[in-house]
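Below you'll find the structure, written out as structure tokens, and then a few comments.
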Amino acid sequence: MTAATAPRLEDHPLVAAARRLADDVLAPAAEAHDRTGVTPEAIAAVKASGVLGVNAPVAYGGSGAPAAVGREVAEILAGACCSTFFVQAQHHSPVRDLVAGAEAARERWLRPLAEGTALAGIAFSHLRAYPKLPVRATPLAGGGVRFDGRVPWYTGWGLNDVFLLGGATEEGEVVFAVARPREQPGLTPTGPLRLAALTGTRTVGLVLDGLTVAEEDIVVRQPYEEWARADRPKNTNTNPAVFGVARAALDLLDASGDAEAKETAGVLREGLDGARRDAYALVDEVPAGERLEDRLAVKTRAYDLMRAATTAAIVAGGGRAFALSAPAQRLAREGLFLVVQGQTAEVRAAHLAALRG
């Protein structure tokens, strides 16, 4: 297939579905979601759109779409309402882990997640604190595992149907299991966390005091170092949401009617398109775990461009941009959130070095 005959990304049915979801549901409600929370109605629309199965296998009811389609969908949703985007973004990690995980858990849980009838959350970023054990996993004699400790961040409480919980054993094994996100013996949520951005994601902490999960719901058991080797390079790649939020800010500039704002948008868009090409080429063409410095360099470049785009939207909007009903201030705060979301020590060091430079 030549470049001339290759299907265009924007013509993919899921990209079109994401645009309809963004235009008809998410963008009109973005400021309300930011202030008072993502609604069950919005999540129902996300489920109905098909985007939850974008990269899930066709055999289980997903779309099996190329990675580029998943990235484009993520950009569209993040630019429309980053709170809703971030709630649904959690869903795709459990899907990937179930595909490669234990058969019993895969056969029980993958189909509803791939079809989008169930929305999944995640609770495992605390594993990166190892050898500290914020969440301790203890194998049970009759099968299954017990979890004890505290999950500092859990997104989508009251919206998710299931979640993937990770813990580590005293012996250095990582255990991932599927559980129900509801108050129950061994699991108590904290109150909602008040955040400077994305408060609407219904984020809480989870207190675990003997939460038990059956053997058939265990997805992965593996040595910590094996898990960490695969996990560490992931956050060196640029989150597509960065490009989505930056694009939304540039669209505000284009729509302002101000000639200087539009000129600024044109210059920044050219730079953003270049960073996007470089970031995605590293993902698509370079084996995972290689050229990490290049990945971090383009990631920090994308951060700079997103910050410039959201700042320009504030500048062009003037004092009006600070009203809670104004998209510019929301996009600026969402951009700040994305700077620290998924941050590792390597990402932090690279970003600070870039800022010093």
Salt-bridge contact Arg307-Asp304 (side-chain N to carboxylate O under 4.0 Å): yes
Judged by atom type as modelled, is there a donor-acceptor pair below 3.5 Å linking the side chain of Gln88 to the main-chain atoms of Phe85? yes
Side-chain ion pair, Glu216 and Arg106, N-O less than 4.0 Å: no
Pairing of Arg276 and Asp273 as salt bridge, 4.0 angstrom limit: no
Using a strict threshold of under 4.0 Å (side-chain N to carboxylate O), is an ion pair present between Glu215 and Arg221? yes
Can you tell me if Glu226 has over 12 outside heavy atoms packed within less than 6.0 Å of its CD? yes
Side-chain (Ser256) to main-chain (Leu253) donor-acceptor, under 3.5 angstrom: yes
Keeping Arg150 on the side-chain end and Pro134 on the backbone end, is there a donor-acceptor pair under 3.5 Å? no
Heavy atoms of other groups near Glu103 CD, more than 12 under 6.0 Å: no
State whether the side chain of Thr190 and the backbone N or O of Gly205 hold a donor-acceptor pair below 3.5 Å, judged by distance alone. yes
Thr169 vs Thr138, side-chain contact (heavy atoms from CB on, under 4.5 Å): CA-CA, chis, key distance, verdict: CA-CA 6 Å; Thr169 69; Thr138 305; over 6 Å; no
Does Lys47 reach the main-chain N or O of Gly116 with its side chain, forming a donor-acceptor pair under 3.5 Å? no
Other residues, nucleotides and ligands only: do more than 12 of their heavy atoms fall within 6.0 Å of CZ on Arg348? yes
Separation between CG of Leu113 and CG of Leu52, rounded to the nearest 0.5 Å: 8.5 Å
Look up atom CG in Leu14 and atom OG in Ser49, then write down how far apart they are to the nearest 0.5 Å. 7.5 Å
May I ask you to check whether Ser83 and Thr201 show a side-chain donor-acceptor distance below 3.5 Å? no
Salt-bridged, Arg71 to Asp284, with N to O below 4.0 Å? yes
Arg180 to Phe163, cation-pi by 6.0 Å centre distance and 45° axis angle: no
Would you call Arg330 and Glu334 a salt bridge, using N to O less than 4.0 angstrom? yes
Does any N or O in the side chain of Asp217 come within less than 3.5 Å of the main-chain N or O of Ala177, such that one atom is a donor and the other an acceptor? no
Looking only at heavy atoms, which two atoms of Ala137 and Val145 are closest? And how far apart? CB-CG2, 3.9 Å
Taking it one step at a time, do Thr238 and Tyr303 satisfy side-chain contact (heavy atoms from CB on, under 4.5 Å)? CA-CA 9 Å; Thr238 308; Tyr303 283 156; over 6 Å; no
Whether Ser63 side chain and Ala65 backbone form a donor-acceptor pair below 3.5 Å: no
Is any side-chain heavy atom of Val69 closer than 4.5 Å to a side-chain heavy atom of Leu9? yes
What I want to check is whether the side chains of Gln329 and Arg333 have a donor and an acceptor closer together than 3.5 Å. yes
Residues Arg136 and Glu170: closest non-hydrogen pair is NE-OE2, 2.7 Å
Distance-only, no hydrogens or angles: does the Lys299 side chain make a donor-acceptor pair with backbone N or O of Asp294 under 3.5 Å? no
Min side-chain heavy-atom separation Leu165-Phe176 under 4.5 Å: no
Side-chain (Asn235) to main-chain (Gly342) donor-acceptor, under 3.5 angstrom: yes
Please report the interatomic distance CG(Asp161) to NE2(His91), rounded to the nearest 0.5 Å. 9.5 Å
Looking at Trp109 and Leu98, what are the two nearest heavy atoms and their distance? CB-CD1, 3.9 Å
Shortest non-hydrogen contact between Leu292 and Pro233, atoms and distance: CD2-CB, 4.1 Å
Nearest heavy atoms of Leu187 and Arg182, plus distance in Å: CD2-O, 3.6 Å
Whether Arg295 and Asp278 form a salt bridge (side-chain N of Lys/Arg under 4.0 Å from carboxylate O of Asp/Glu) is what I want to check. no
Arg247/Leu272 under side-chain contact (heavy atoms from CB on, under 4.5 Å): CA gap, chis, key distance, verdict: CA-CA 8 Å; Arg247 280 177 164 180; Leu272 191 72; 4.0 Å; yes
Would the number of heavy atoms belonging to other residues, nucleotides or ligands and lying under 6.0 Å from CD of Glu263 be above 12? no
Does Glu10 have more than 12 heavy atoms from other residues, nucleotides or ligands lying within 6.0 Å of its CD? yes
May I have the step-by-step check of side chain to side chain donor-acceptor pair (under 3.5 Å) for Asn239 and Gln341, ending in yes or no? CA-CA 9 Å; Asn239 185 344; Gln341 186 268 322; 3.1 Å; yes
Compare all side-chain heavy atoms of Asn55 with those of Val95 and state whether any distance is below 4.5 angstrom. no
Donor-acceptor contact present, side-chain His126 to main-chain Gly166, <3.5 Å: yes
Is Leu211 close to Arg146 at the side-chain level, that is, under 4.5 Å between some pair of heavy atoms? no
Ionic contact status for Glu72 with Arg19, cut-off 4.0 Å: yes
Which value, rounded to the nearest 0.5 Å, describes the distance between Arg20 atom CZ and Ile76 atom CD1? 11.0 Å
Determine whether Thr203 and Tyr154 make a side-chain contact, defined as any pair of heavy atoms from C-beta on separated by less than 4.5 Å. no
Test item: side-chain donor near acceptor, Asn160 and Gln90, under 3.5 Å: no
Taking the inter-plane angle between the rings of Tyr130 and Tyr224 on a 0 to 90° scale, is it parallel (under 30°), tilted (30 to 60°) or perpendicular (over 60°)? parallel
Rounded to the nearest 0.5 Å, what separation is found between the CE atom of Met306 and the CG atom of Leu331? 10.5 Å
Assess whether side-chain contact (heavy atoms from CB on, under 4.5 Å) is satisfied between Thr212 and Leu140, documenting all intermediate values. CA-CA 9 Å; Thr212 59; Leu140 300 175; 4.1 Å; yes
Interatomic spacing from CG in Leu198 to SG in Cys81 - rounded to 0.5 Å: 8.0 Å
Smallest heavy-atom separation, Val286 atom then Arg291 atom, equals CG2-NH1, 3.7 Å
Given side chains that start at C-beta, do those of Asp254 and Arg269 come closer than 4.5 Å, heavy atoms only? yes
Close side-chain approach of Val15 and Arg8, heavy atoms under 4.5 Å: no
